[in-house]
Amino acid sequence: MASGGRSYQLYAGVVTILSHLIAITVTVLVLVWLLKFQGGFAFKSGNTQKIFNLHPFLMVVGLIVIGGEAIMAYKTMPGTRRAHKGVHIILHLLALLAGILGTYAVFKFKDETGTKDFVTLHTWLGIIVITAYGLQFLLGFFTFFFPGAAMPARANILPWHTFFGMVIFLLAVCTAETGLLQRFITLGLGLNQEGLIVNFTGLLIFLFAVTVTLSVILPRNHY
């Protein structure tokens, strides 16, 4: 039985390493796509495309990749539980700020180009995600960090905090997938280099979600 348990924990380590590698690859692909094919990004520019480009960058690399790393913080780094909690909160704060800026960027783009808001499923899901992420962060911060609820209350809330955290993360992934598909169609991409980058980014985001979910399910490694 001990041998079986040990191999199970080793597998958790492999999954988290794979997840980090996928996160790096997704980040590189998004940067290549936006910098090489879409002209880069900026908050202020006569080229409104650069303003829009901030949206996929901040949502994918910020909200999803950094948010996923925040979820895995308890499983991927050595140290005390207090240190894990600190990293978990800081990464989630960075992800939330990226999500807010990414939402601002797309609405700024729509305002400057006269594009209608709240039309597509992607937009609806995005609003739900950023709102739920913010509420989840605030609840987690005041319950588990400062000022902190009583221990019995924390114990009761923790499973729900974990569950809804994963639901929001997976919904963010679904939102990103619909956004990539929408962008693929809007740009009229095919099986060219840019189209392949967008499609592979979508596939790797899905695989990232799978490995992050597994990291939550599997037991923490012993260092």
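Side chains are part of it too, since the values below use all heavy atoms of this structure and drop only hydrogens, waters and symmetry mates.
Sparse packing is recorded around NZ of Lys50, with 12 or fewer heavy atoms of other residues, nucleotides or ligands lying under 6.0 Å away.
The hydrophobic cluster containing Ile128 does not contain Phe169, counting ILVMFWY residues as joined when their side-chain heavy atoms lie under 4.5 angstrom apart, directly or transitively. Under the 4.5 Å side-chain heavy-atom criterion for ILVMFWY residues, no single connected hydrophobic cluster contains both Phe164 and Leu135. Each of Val60 and Leu96 belongs to its own hydrophobic cluster when Ile, Leu, Val, Met, Phe, Trp and Tyr are linked at side-chain heavy-atom distances under 4.5 angstrom. Grouping the Ile, Leu, Val, Met, Phe, Trp and Tyr side chains by contacts below 4.5 angstrom, directly or via other members, places Ile168 with Ile100.
Here Phe145 and Phe137 keep their ring centres 6.0 angstrom or further from each other. A ring-centre distance under 6.0 Å is not found for Phe109 and His55.
Judged by distance alone, the side chain of Ser215 and the main-chain N or O of Val212 form a donor-acceptor pair under 3.5 Å. Counting only distance, with no hydrogens or angles, the side chain of Thr178 and the backbone of Thr175 share a donor-acceptor pair below 3.5 Å.
Between His92 and Ile71, the closest side-chain pair of non-hydrogen atoms falls below 4.5 Å. Two residues are said to be in side-chain contact when any heavy atoms from C-beta on lie closer than 4.5 Å; Gln182 and Thr120 meet this criterion. You'll find the side chain of Phe144 reaches within 4.5 Å of the side chain of Leu158, heavy atoms only.
Val119 belongs to no hydrophobic cluster with other residues, because no ILVMFWY side-chain heavy atom falls under 4.5 Å from its own, directly or through intermediates.
No option in Phe57, Trp33, Phe52 other than Phe57 meets the ring pair (Phe, Tyr, Trp, His ring centres under 6.0 Å) test with Phe41.
Every residue meeting the side-chain hydrogen bond (donor to acceptor under 3.5 Å, both in side chains) condition with Thr211, not counting sequence neighbours, appears here in chain and number order: Ser19.
Ring planes of Tyr74 and His84: perpendicular class, angle over 60° (limits at 30 and 60°).
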